[in-house]
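First the structure, in the form of C-alpha cells, and then the observations on it.
None of the values given here were measured: they were computed from a predicted structure. Protein chains get the first letters and strands the later ones, always in sequence-line order, with residue 1 at the start of each.
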Amino acid sequence: MPKNKKPAGGRAAKNFEPRYAAKTSYQDRKRRPGDSSVGKPGSKSPGHRGYRADADTAAPKRRWSAEEKVGRDEARAIRDGRPSRDGRPARDGRPSRDGRPSRDQRFDRDARGDGNRSDAPRRGANLDRVDRDDRRSFGDGRPSYRSDDRPRRDRDDRRPSFRQDDRPQRSFDDRPRRDRDERPAFRGDDRPRRDGGPRRSFEDRPQRSSDDRPRRDDRPRRSFEDRPQRSFDDRPRRDRDERPAFRGDDRPRRDDRPRRTDGPSRSNWSAPVRDHAQEQRVDVVHERLQAEAVQAEAVAGTTFGDLDLGQNIVKALAELGAATPFPIQAATIPPILDGRDVLARGRTGSGKTIAFGAPLVEAVLRSQAGSKRVFGRSPKALILAPTRELALQIDRTIQPIARSVGLFTTQVYGGVPQARQVGALKKGVDIVIGTPGRIEDLQNQGKLDLSDVQIAVLDEADHMCELGFLEPVQRILRFTEDGSQKLLFSATLDREVAALVDEFLVNPAVYEVAGEDQDSGTIDHRVLVIDHRDKAEILSSLVDREGKTLVFARTRAYAEMLSEQFDDAGIPALALHGDLNQAKRTRNLEKMTSGRVNVLVATDVAARGIHVDDIDLVIQADAPDEYKTYLHRSGRTGRAGRSGTVVTLITRQRRRRMQELLDRAEIDAPFEEARIGDDLLEELSGRQVDPTR
DNA sequence: CCAGAAC
C-alpha cells in the first residue's frame, strides 16, 4: 500500500490521491480472457486505461465470450489500422454514426445512466468547492498579466474571458532569427509552379484500405488548384528498424559538431543490443516531412489584416498580445482560409495556437455568414489536444478570438463532471476544444454531434498518432463531416502522422519556419552524469533556487515522491501528474503559473504545449526515452526569447544512449560529472552565477 | 514497461 516515506506525513494525502481502491476493483473486471494473466485477481492489468472500459460497463462474466470477440476484433483493428469490428468498411460515408456495434457494447444505456446519477453530482459538488476556493485566493495579489489561468470556467463556459495571456509576450522576440535570408518571399516562389497533379501524397504506400478512400475524391470545396507537392515526400514510411540512418538528408546542418563514430553506432542504435534486456521501446525517428520553409523576414511587414482575418479577430489578437503574425502564422493562415488541409511544424512556443485558431474562427464565421446562430446548433470546428491542461490552454487563447465575432467555444475533457459540458453543447456551440476520451464519450452518448464539424485540428499531432491515441482520434475524425478540413500541428511533426494524413487529408500543404532548429533558441542544454545514490540530493540542490523550476519524472509515483522530497527539504513544490484529480492538476499548474510555488514536478503530462512564463530551469530527473520528448520538455523553458537551462540527470551507463538521443534531437550538450556539493550544481541552480544574462 | 485519454 501507500508507503509514506516521509515522516511529516499529511502532505501525501493532501496532494496525492492513490487509486488503489478503484484500481483493484477495476483490474479484476477489465482483464480480458485472452490475456496471459487471466483469472488472477489483482495480477497485473493487461494494459492501458483505454482498455478498461471494455469490461467495465459490461461486468457480468456471462458476457466474456462476447467481450472476447470485441477484444479480438479490436486487436485486429489495431493491426489493420482500421476500426471496423464487423468487417464492414469503417467509413462508407456517414452511416457509421448511428451506433456501431462496438459502441453499443461499450456504452450500454444502463451503465451510462448509472454513472450520471450516482457519480456526477457528488464529484461536481466537490469540484465546485475547490474551484471556488481557488478563485478566491487567486483574486488578490496576482500579477494582472496572469489572471487567466484559474479554473474559472466551471460556471459558465460562455462568459467572455477578460484576460488571455497564456502566450508569450509578443514584444520579446521569440521569432526565429531573421539573419538568414536566402529567399525573398515565403510563398511566392512556389505558386507559379503548378504541376497540378492530383493528390498523391501517400499514394504509394501499400496497405491503404481502398474502401475508406473513395469518398475523399468528391469533396465539396477545395476548389483551389493543387499546389506543387512540397508536402510529403512520396517515400514509403519506414518501419522502425529498417531505417538506414536516423538523420535524413533533410537535416544537413550541424556539421560543426564532432561526429560520433559513425558507421557502427548508426546502424546499431535501434538494434536490441541495448543495456537493458528488453529494449522493445525504440525511439523511432520518423522521416521529417518535406515542408515548405517559411522565411521569417519575408513576412516581416505582414499584418493579420493582410492575411484576410476580419477586424474583430485582428483586434482580439492584438489584445492577446499578438500584434503581428509570427512566421508560422503568416504561413498557415492563408491556406487554412483557402480550405486546404495543412500540416505545420513550428518550434515550441512559436505561436502555433493562433496559427490555427485565428483562421479557424474566421472560417467558421464565414461559413455561418448570413445564417442565424440557432439554439442547439452543433459545433462547426473541433480541436483535439493530448492533455486536459493543453485543451484548457488552447481554449484560453481561442475563446476570446471566437467571442470577438460572437462565436462560442466549449471545452470537452475528462476528469470533470459532464453536466456543464453537456449543457453548453445543448445550448449550441461553434467550436469544441477537448481531449479524445470525453469527446468520444459524449459523442457515443449522443450528446455531441460532430457531423457538422468542418474543420478539425490536431494539436501535437504526432503525439496524437501514437499508440493509445491514434485509434480514438481516428474514430472521432470519422464522425466529422465528410471532406472536413484537417489541420495538424506540432513542433515535432514528422511522418508519424502518415496514418492520419493518409486517411483524412487531401493534398495537404506543409509548412515549417526556416532556420528553426533547437540550437537557434536560447536554451542551454547540460547533461549531468551522476551516481545514482546521489540523485535525490543533487536534485534537491538544483531545485533550491530562486527562479521557476520544472522537474520531469518518468512516472507519476516518482513525480509525487520528488515533490514531497523537495517539500520536506523546505522547498515548496507541487506535483502534476495523472494520479491527481483534475482539480488538483489544474490548481497545481496554476500555482506554478502564478508563481505561488516555484517548483513543479511533473510527468510528461506537462511536456507538451503547456506554457508557463519564466521557467528558467528544466530538470529531467529521468532522461526521456525519445528525442521528441526531450524537445518538448525542454521547450517549456526558453520561451519568448528568454534564456533557459535544461539539465538532464543520467548515470554513467546511460551516457551513450543519451548522446544518441541528443544527436537525434540535434542538440549539443556537454556531459559533466557531478557530485554532491559540486560548484557545478551551484552554477546550474543560479545560486552563484548572476541569473540575469 | 511508463506517460496520456472516459466512465
Any side-chain N or O of A/R388 under 4.0 Å from OP1/OP2 of B/dG4?
no
Spacing between A/D625 atom CG and B/dC1 atom C1', to the nearest angstrom:
9 Å
Can you tell which of B/dC7, B/dA5, B/dA3 lies closest to the side chain of A/T603?
B/dA3
Taking A/R654 first and then A/D625, would you say they form a salt bridge - that is, a charged N and a carboxylate O separated by under 4.0 Å?
yes
Grab the CG-P distance between A/L467 and B/dC1 for me, whole Å please.
12 Å
Over how many whole Å does the gap from A/D604 atom CG to B/dC1 atom P extend?
18 Å
Report which part of the nucleic acid A/R554 touches: base, sugar-phosphate, or nothing (heavy-atom distance under 4.0 Å, all strands).
base
Would you tell me if any nitrogen or oxygen in the side chain of A/R438 comes within less than 4.0 Å of OP1 or OP2 on B/dC7?
yes
Do NZ/NE/NH1/NH2 and the carboxylate oxygens of A/R554 and A/D622 come within less than 4.0 Å?
no
Rounding to an integer number of Å, can you tell me how far A/D462 CG sits from B/dG4 C1'?
13 Å
Just how far is it from atom OG1 of A/T637 to atom CD1 of A/I523, taken to the nearest 0.5 Å?
6.0 Å
Whole-Å distance separating the OH atom of A/Y558 from the P atom of B/dC2:
18 Å
What nucleotide, of B/dC7, B/dG4, B/dA5, holds the atom closest to the side chain of A/P436?
B/dA5
Scan A/G414 against the nucleic acid and name what it touches under 4.0 Å (heavy atoms): base, sugar-phosphate only, or nothing.
sugar-phosphate
Can you tell me the distance, in whole Å, between the CD atom of A/E466 and the C1' atom of B/dC2?
12 Å
Let me know the distance between CD of A/Q443 and P of B/dC7, rounded to the nearest Å.
16 Å
Students often get this wrong, so: under 4.0 angstrom with heavy atoms, is A/R585 touching a base, only sugar-phosphate, or nothing?
sugar-phosphate
Hey, are A/E590 and A/T586 close enough side-chain-wise for a donor-acceptor pair under 3.5 Å?
no
Between A/R608 and A/T387, is the side-chain contact (heavy atoms from CB on, under 4.5 Å) condition met? List the steps.
CA-CA 9 Å; A/R608 283 180 177 251; A/T387 65; over 6 Å; no
In whole angstrom, what separates A/D579's CG from B/dA3's P?
7 Å
Of the nucleotides B/dC7, B/dA3, B/dG4, which one has an atom closest to the side chain of A/T555?
B/dA3
